[in-house]
Amino acid sequence: MKSMRILFTGVGGQGTLLASRLLGEAAMAQGMEVKISEVHGMAQRGGVVESTVMLGGIESPIISEGQANIMVSFEPLETLRALNRCNRDTAIITNITPVIPFTVKLGQSEYPDISQWMDFVSTQFKMVYAFDAESLAREAGTSKAVNIVLLGTLIGTGRVPISADIIENTIREKVKPGFVDANLKAFELGLQQA
Amino acid sequence: MHQLLTDQPGSKMLLLGNEAIVRGALEAGLAIAAAYPGTPSSEIGNNLFQITQDPSARLYFEFSTNEKVAMEVASAASAAGLRSLTCLKHVGLNVASDVLMTLAYVGTRGGMVIVNADDPSMHSSQNEQDNRYYARLAGLPMLEPTSPQEAKDMVIHAFELSEYLELPVLVRTTTRTSHVRGPVVLGKLPDSKKTSGRFEKDPGRWVPVPAVARIRHKVLLERMQKAEEKAGTSGFNITTGSGATGIISSGVAACYAADAISELDCGNQVKFLRLGMTHPHSEAMFLDFLEGLEQVLVVEELEPFIEDSLKATAQANGIDVQVLGKKSGHLPRLYEFDPLQVKTALARVLKTDIQEPEKPDLSSLPPLPMRPPSLCKGCPHRETYMAAKEALKQLGMEENAIYPTDIGCYTLGLLPPIQMADYLLCMGSSVGTSAGFSAGTDQKIVSFIGDSTFFHSGISSLANAVHNRHRFCLVILDNSTTAMTGHQPNPGIEFTPPGYDHPRIPIEQVVRGCGVKVVEKINPYRKKEAVEVFKSVLARDELCVVIAEAPCVLYIKKVGGKK
């Protein structure tokens, strides 16, 4: 297969690592070469948490400027922040529900107008899926499943050669039993967004 | 059952580099391990700790009070003939370095592995020192994996190498090899292993008084000679490709180099050496590699460690080859690399161009608000800080106060609106530096240290402060856990993880035992009372300790608030 670099970005606590892990497990179950990098430590205290999934034999675990093939972002400000890692052909899948940083709450900086800047993203990139993943997650039963909704959309785009069935099996195997049903529903709702 | 005890040889698991290290140690028959947590090494200790909850693992692991103690525990276990391990972050090796330097002289019996995790770019650290120099300073072998699979294989090999050389073996990761997840093929867990050792007395070896140490230094140099022979035949040093240009690389940088060679499609112009054993290097192997090369690009993060060795080898042997890397300006000494940086350096060396995808025009983007990490919602540290601030304000002391701080979540008190972190060096430095400020200034000194850091290296400095009559207010932020690194236990904890039945050492008793006369406890959530206590102690011009007791909110969620 063609190799592929997928960037996940979000805020500590949004489940970035679970999403990239599930994708990685599914890729391995499908017999693909996979490498994931994760952020642990201080950034998990409400900072930016990034992870990557590299498919098809790429050895480097991190993604340089302009090199992401796909970006999956859990938070719109973080989408804007990570745009430099994308190129014109990068597919962008992004939640549009803001998580306001405390620097904004304290009045030290201003949160950008998301609808305006999402329009900008749509003009700069050829393939953009921007939607309110949080309301879909709530519809599935928990607002925490934003990560799984977006994972669904990623698979729905068909840009990653991993089948929805395998992801669903991985969710059944790796997610805590009490959350499996809501996560499967969230995955399904995400799939339909693509 | 813990996932790393899965007994299915040949099956594949997607493991974090740190998990792969643990699995390798288990496959090698690890008996005794000890550690103090520190990112990016923390998951090693966490997994070992969880594994000890399963008696069938026949593993002893302890969270020691600091890295020095942990390395001493592992050293003695090795001297008694058991396979032992300790793991630490790069600055943790500074703490344990006193052990390391002499352990190299007395050597080991049971295989002993020291896993050292460096942090280029300082994702979670106060500096980015390059600990490969510790291998050179102490005179010890060092291995560096590039992937989780290699991490597991190397740890197994490291135990064997350690027993062959009778020296501890350093396995060095960086953040990007510790926190990368990849497929690992499981090997066999041992059917039986030695878990109880016997120490054979041999003062001429184990007690390095000067007369013994002089002999042991000579032994160490002889062993390093044997280690160099091993480096010359090590299966972890892999050469591929051919051409007049060479690349030498190790660790995650070797991944970037490998991808760069494949993307530039230059495998037929480049001879590539992936160096898995980075200390000592084999001069014979370097000479063999340099044969027919006009130039070599050394791709290594941080310091020019391999670069300098290679230059020395070339110089001593009269070889005319251009060694490129840090000093030639092809790659920086600062921070971790990224793949494009390495590709660009290689393209420059090969005088080719890189085809880059078309980038979007982002020049119109507004300045984006920063999202620094911050204290969690409901965190007791914030309450303590605000109470101390309020008391200082009411006393009119806020303008003149300085706040020596320490290492933990509470270092985030640096940020607004708290801004009560003024000076920091290392674990435990809040107490020692308060003494210096007390001796050297008339400013009001209010310093902050966490419970785990206090046990790590605050106690001896507190005894010093009492004995030398230093005057400051030390606030011990006791949240009953080591929160920053993922909630490891420490000797003072009141709220214990399930199955953790260890004697507790109350911090108040330690503080009083050190001779501190003014000791107060507060519940930081009772704001009025807390402010009053702070006002009463801050008005005094002598050493005072305030212990702010309230468990970490995340930790309580995790363990369910059981005392």
Under 4.5 Å to a heavy atom of chain B? For A:Leu106 that would be side chain
Most contact-rich option vs chain A, by heavy-atom pairs under 4.5 angstrom, among B:Pro357, B:Pro339, B:Pro40, is B:Pro339
Flag if over 12 foreign heavy atoms under 6.0 Å of CD, B:Glu356: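 It does: B:Glu356 CD has more than 12 such atoms within range.
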From [atom1] ([X]) to [atom2] ([Y]), nearest 0.5 Å:
{"X": "A:Leu17", "Y": "B:His179", "atom1": "CG", "atom2": "NE2", "result": "10.0 Å"}
{"X": "A:Arg81", "Y": "B:Met370", "atom1": "CZ", "atom2": "CE", "result": "6.0 Å"}
{"X": "A:Ile58", "Y": "B:Cys255", "atom1": "CD1", "atom2": "SG", "result": "11.5 Å"}
{"X": "B:Phe337", "Y": "A:Ile62", "atom1": "CZ", "atom2": "CD1", "result": "11.0 Å"}
{"X": "A:Trp117", "Y": "B:Leu365", "atom1": "CH2", "atom2": "CG", "result": "5.5 Å"}

Can you check whether [Y]'s main-chain N or O pairs, donor with acceptor, with [X]'s side chain at less than 3.5 Å?
{"X": "A:Glu38", "Y": "B:Arg181", "answer": "no"}
{"X": "B:Asp259", "Y": "A:Glu59", "answer": "yes"}
{"X": "B:Asp338", "Y": "A:Ser64", "answer": "no"}

Practice problem: May I ask you to decide whether A:Glu50 forms a salt bridge with B:Arg371, counting only side-chain N to carboxylate O separations under 4.0 Å? | Solution: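 Salt bridge: no.
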Problem - Per-residue contact mode, B:Ser364 against chain A (heavy atom under 4.5 angstrom) - result: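 For B:Ser364, heavy atoms of backbone and side chain both lie under 4.5 Å from chain A.
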